[in-house]
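For reference, the structure is listed below as C-alpha cells.
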Amino acid sequence: MQFKVNILHTDLLIIGGGTAGCFSALTAAEQSDCKIMIVEKANIKRSGCLAAGVNALNAYIGEDETPESFVEYVKQDSEGVIREDLVYSIAKRLNTVTKKMEELGLPILKDENGNYVQRGRGSIKINGENIKPLLSEAVYKHRSIEVLNKVNMIDYLVHDREVIGAIGFSIEEPKFIAVYAKAVICTTGGAAGLYKPNNPGFSGHKMWYSPFNAGAGYAMGIRAGAEMTSFEMRFIALRCKDTIAPTGTVAQGVKVKQVNKKGETYVRKYGEPTTPMRLYATLMENENGNGPCYLQTKGITKEQEQELYKAYLNMAPAQTLQWLEHNTGPASQNIEIQGTEPYIVGGHTASGYWIDRNRKTTLKGLYAAGDVAGGSPKKYVTGCFVEGEIAALAAVNEIQQKLSPAVDERVIQRYVNSLHRFFENGSCLYEIEELEIAMQKIMDEYAGGISQQYAYSEQKLIIAAARMDELMDVAYTLQVKDLHELLFIHEIIDRLYVGRVLIEHLKARKETRWKCYQENKDYPEKDDANWKKYVNSIYGDGKVNILYRDLIERDEAYEHSH
Amino acid sequence: MSIHIDKQKCISCGKCCKACPGSLLYQDEYKKTFIKYPKDCWGCTACIKECPAQAIKYYLGLDIGGRGGHLHIKQEEDYLDWYITSPQGETKKVRINRKESNQY
Ligand SMILES: Cc1cc2nc3c(=O)[nH]c(=O)nc-3n(C[C@H](O)[C@H](O)[C@H](O)COP(=O)(O)OP(=O)(O)OC[C@H]3O[C@@H](n4cnc5c(N)ncnc54)[C@H](O)[C@@H]3O)c2cc1C
Ligand code: SF4
Ligand code: SF4
C-alpha cells in the first residue's frame, strides 16, 4: 500500500472528538481566534462513550452539596488517594458546564419550581440519548474548528521534550497524516479490551466501556515519556448481567436494594457501601454460595416499569430488548448483576496522565482532559466537560506567545515507513485476533481479571509482564492487509503498552487499597501509614520506572517542577 | 452483540457507515452496506438511528440471552419510535420524545 503524505498545520490540535474533546474545541473557539483542529478516529457525531447515550449527569453540585463537600465525598469513596486540587477545580465548575449543555439542547428534568430533579447524591436526570449529536452540531457551527473524521492518531511529534503535533492515518484511504500545532490536547478517553471480557464469544464487545477506546492517548504519552499516575486503581463496574447495562438508573433512580438469592440485603455485611465495596460484596456472596445477586425490582409499579423501558432505550437498549423478548420486565423479575472486566478510565477512577491544575502534562505543549487524565475520580460527563474547558483556556493562552513548529521530513518518513512495514511483513503464523485473545487471557489470569476474582500476586504479575513483552515482539511481525487491520494492530499495540504499565503499578502498591480494583494478595490489608501516596511512572529505554509522590491537598497550587 | 442489515431495503446512503463509532460498516461493490466485523459491534444503535430505510435491526447474541427477537427504530421529528419484535413475531412500539427527560 502506498500512502499519500498529508502535512497539516493548526494552532490547537485536539486528539479525540469525544466528550472532553468537543467541549475543549467549543471553549477554544468561543474564547480565542485561534485555528482549532479535532482529529477523530470515528466520526464526532456518535464517537466515544456517549455513542448510545447516557442516563444522567452524575456529577452536579445539588442543593445540599458544595464544591467542598463534593471533594470530601470523592475522597472518601476513593479511600483518600485522589488529587484533591483537581477534583476541587472540577467541582467549582460542574454547574456552569451543565447550564451550557442545557443551552445546547440537552433535556434535563425539572420540578414545578424549575429546579433540576436530583437522582441520588449529585446526579441529575436527563434524556442523554442525543447528547453526542448535540455536541457535534455545536462544534460544526464554528468556522474556526476543522474536524478530521476517520483518522486514527498513533504518536505525538516530539521535539526537545516538547509535543509539537501528532501523526496518524486515515482509515478510509491510504493517507498518512501529520498535524503540526502550537499546543495539543489529548482527549482520547480510557482503555477497554485489556482483559478477557464478560462475554468472550460472539458478544465480546458487549462491554461497559467503549471497545473503540483502546487507550491510544495513554500509550502515546507512555511512549513519549509522560508521567502517568494511579493506573493500579482500575475501574470495574457492577452491571446488569449479560447486557452490561448500567445499574444506577434502577439502584438510585427507583431506589431499590442489592439482594442475594435469599432476598437478603448484603453489602453492609462487608463494610461501608463505597462503589468498590458494592462490587466486592457481590463477588463474596457468590463465593459463599449466596448468588446470584440482584437488584430487587420485583414489585415496582407498571408505570415505573414503562419508564425504565424508555430510560434503558435511551442509553443501553440491549436491556429493554432482553426484557421484552423474554416477555418479562423489572416489575416481575429482579435484575441479576455482575462485575465487569477491569478498565483503565480516569473519569471513574484516578488513572491517567499526571497533570497540573491547568491540565498540563509533564510534556511541554501537551494537555490532557477527560477519561485520559488522572487524579480525579468520579468526574463523569460533566467533569470531562470542565477539564476540556480548563485545558482549552490554558492552551489558547500558551499559544499566544508561540510560533508554528518546523516540519522535519526525516521524522515523517520514518513514521510512514513504520506503517508500510505492517503491509510488507511476510506471512506470519498468527492472526491479529489471536494476539488480542492471548493478551486478554494473560491479563485475566495473571493480572487480576474476572477469573481470578480480580486478585493477583507479585509472582503472577511477573509472569504477566514477561508474556506481554513477548506479545509486543510478535505484534510488530504481523501482516496487515487493509487499513482496518492497520487500525486493529495499532489498537493492540496501544493496549500492550497500557497493560505493561498497569502491571508495574499493580506490583508497586504493596497494600490493598481498593477492593477488587487493586487487590494485592501478597499484601491483603490497607496500609495508611505507608501508602497514602500516589504511584506514578515514566516509561523510558523500554522500562517502566516507578516513582512515588506525596498527596496533594485541596488548596495547593501544584505545578510541575521540570 | 450485533446488527443485521437487510440488503433489499438498503438504499446505499452511507449514513450508517459514517456514524458507527467503530467504523465497522462498509459498502460492497453494489454499494450495499454490510457489517465487516460483527463480533466487534458494541450495540450502540447509532447506525440504526441513522438509517432512513429501516434496513438495520439489532439483536442480542445467543451468548447474552438472545432468542430471536430484534428491534429497529423509526425517527419522526422529535420522536424516536422503537419497534421491538418478539421471537413469535409480535411487535411492540415504544415511543420516546427526544426533548423530554427520563423519569429515572
Ligand atoms: C456506557 C457508558 C455509560 C456512561 N454513563 C454515564 C452517565 O450516565 N452519566 C455520566 O455522567 N457519565 C457516564 N459515563 C461516563 C462518561 O460518559 C465518560 O466519563 C465520558 O464520556 C468520557 O469522555 P472522554 O472525552 O474522556 O472520552 P470519549 O467521550 O469516549 O471520547 C474519546 C474520543 O477519542 C476518540 N479516539 C480514541 N482513540 C483515538 C485515536 N487514536 N485517534 C483519534 N481519536 C481517538 C474516540 O473515538 C472518542 O471519540 C458513561 C460511560 C460509558 C462508557
Ligand atoms: S450498533 Fe453501533 S457499534 Fe454496532 S454497527 Fe451499529 S453503530 Fe456500529
Ligand atoms: S443507513 Fe440504511 S440505507 Fe443508508 S447505507 Fe446504511 S443500511 Fe443502507
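As the structure is a computational prediction, the values presented were derived from the model and not from experiment. Protein chains get the first letters and strands the later ones, always in sequence-line order, with residue 1 at the start of each.
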Could you check B:Tyr104 against A:Gln304 for side-chain contact (heavy atoms from CB on, under 4.5 Å), going step by step and ending with a plain yes or no? CA-CA 9 Å; B:Tyr104 296 112; A:Gln304 285 177 311; 2.9 Å; yes
Apply side-chain contact (heavy atoms from CB on, under 4.5 Å) to residues B:Gln103 and A:Leu109 and explain how you reach the verdict. CA-CA 7 Å; B:Gln103 294 301 310; A:Leu109 192 67; 3.8 Å; yes
As a quick check of understanding, evaluate side-chain contact (heavy atoms from CB on, under 4.5 Å) for A:Glu129 and B:Ile96, giving each step before the final call. CA-CA 10 Å; A:Glu129 181 277 317; B:Ile96 295 181; over 6 Å; no
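Shortest non-hydrogen contact noted between A:Asp242 and B:Ile64 is O-CG2, 3.6 Å. For the residue pair B:Gly43 and A:Lys206, the shortest heavy atom distance occurs at O-NZ, 4.3 Å. Between A:Gly48 and B:Pro21, the shortest heavy-atom contact is N-CB, 4.3 Å. The minimum heavy-atom distance between B:Asp40 and A:Phe488, with the atom names listed, is OD2-CZ, 3.2 Å. Between A:Gly201 and B:Lys39, the shortest heavy-atom distance links the atoms O-CD, 4.1 Å. When all heavy atoms are compared, the tightest approach of B:Pro38 to A:Phe202 is CB-CE1, 4.3 Å.
In this structure, chain B has no heavy atom under 4.5 Å from any part of A:Tyr116. If you measure heavy-atom distances from A:Lys110 to chain B, you find no contacts under 4.5 Å at all. For B:Ile73, no part lies near chain A; criterion is any non-hydrogen pair under 4.5 Å. Neither the backbone nor the side chain of A:Trp323 comes within less than 4.5 Å of any heavy atom of chain B. The contact between A:Cys49 and chain B is made entirely by backbone atoms, counting heavy-atom distances below 4.5 Å. Using a 4.5 Å cut-off between heavy atoms, B:Lys92 contacts chain A through its side chain alone, with no backbone atom that close. Using a 4.5 Å cut-off between heavy atoms, A:Glu433 contacts chain B through its side chain alone, with no backbone atom that close. For B:Cys17, the part lying under 4.5 angstrom from a heavy atom of chain A is the backbone only. In this structure, chain A has a heavy atom under 4.5 Å from the side chain of B:Thr45, while its backbone stays farther away.
The residue among A:Ser210, A:Ser47, A:Ala311 with the most heavy atom pairs within less than 4.5 Å of chain B is A:Ser210. When each of A:Lys310, A:Gln252, A:Arg119 is checked for heavy-atom pairs under 4.5 Å with chain B, A:Lys310 comes out on top. Options B:Ser86, B:Ala19, B:Pro87 differ in how many heavy-atom pairs under 4.5 Å they form with chain A, and the most are formed by B:Pro87. Between chain B and the options A:Lys45, A:His326, A:Gln322, the largest number of non-hydrogen pairs under 4.5 Å is found for A:His326. When the candidates B:Arg95, B:Lys36, B:Lys49, B:Gln88 are compared by the number of heavy-atom contacts under 4.5 Å with chain A, B:Lys49 comes out ahead. The choice from A:Thr243, A:Asn199, A:Leu313, A:Ile126 that makes the most heavy-atom pairs within less than 4.5 Å of chain B is A:Leu313.
Here the straight-line distance linking atom CD of A:Gln319 with atom CG of B:Leu60 works out to 9.0 Å at 0.5 Å rounding. Rounding to the nearest 0.5 angstrom, the gap separating the NE2 atom in B:His70 from the CG atom in A:Leu321 is 9.5 Å.
A donor-acceptor pair under 3.5 Å links the side-chain atoms of B:Trp42 to the main chain of A:Met207, judged by distance alone. In this structure, the side chain of B:Lys18 does not engage the main chain of A:Ala42 through any donor-acceptor pair within 3.5 Å.
You'll find the side chain of A:Thr320 stays beyond 4.5 Å of the side chain of B:Val94, heavy atoms only. Taking the side chain as every heavy atom from C-beta outward, A:Pro107 and B:Glu100 never approach each other to under 4.5 Å. Under the 4.5 Å side-chain criterion, counting only non-hydrogen atoms from C-beta, A:Ile171 is in contact with B:Ser23.
Around atom NZ of A:Lys150, more than 12 heavy atoms belonging to other residues, nucleotides or ligands sit under 6.0 Å away. No more than 12 heavy atoms of other residues, nucleotides or ligands sit less than 6.0 Å from atom NZ of B:Lys74. Within 6.0 Å of atom CD in A:Glu431, 12 or fewer heavy atoms from other residues, nucleotides or ligands are found, so the atom counts as exposed in its surroundings. Taking a 6.0 Å sphere around NZ of B:Lys99, one finds it holds 12 or fewer heavy atoms contributed by other residues, nucleotides or ligands.
Contact check on B:Glu50 versus A:Arg46 returns no salt bridge, with no Lys/Arg side-chain nitrogen under 4.0 Å from an Asp/Glu carboxylate oxygen. Look at B:Arg67 and A:Glu325 and you find no salt bridge, because none of the NZ, NE, NH1 or NH2 atoms lies under 4.0 Å from a carboxylate O.
B:Asn102 and A:Asn314 share a side-chain donor-acceptor pair at under 3.5 Å. With 3.5 Å as the limit, one finds a donor-acceptor pair spanning the side chains of B:Asp63 and A:Ser203.
Ring orientation note: the planes of B:Tyr37 and A:His484 are tilted relative to one another, at an angle of 30° to 60°.
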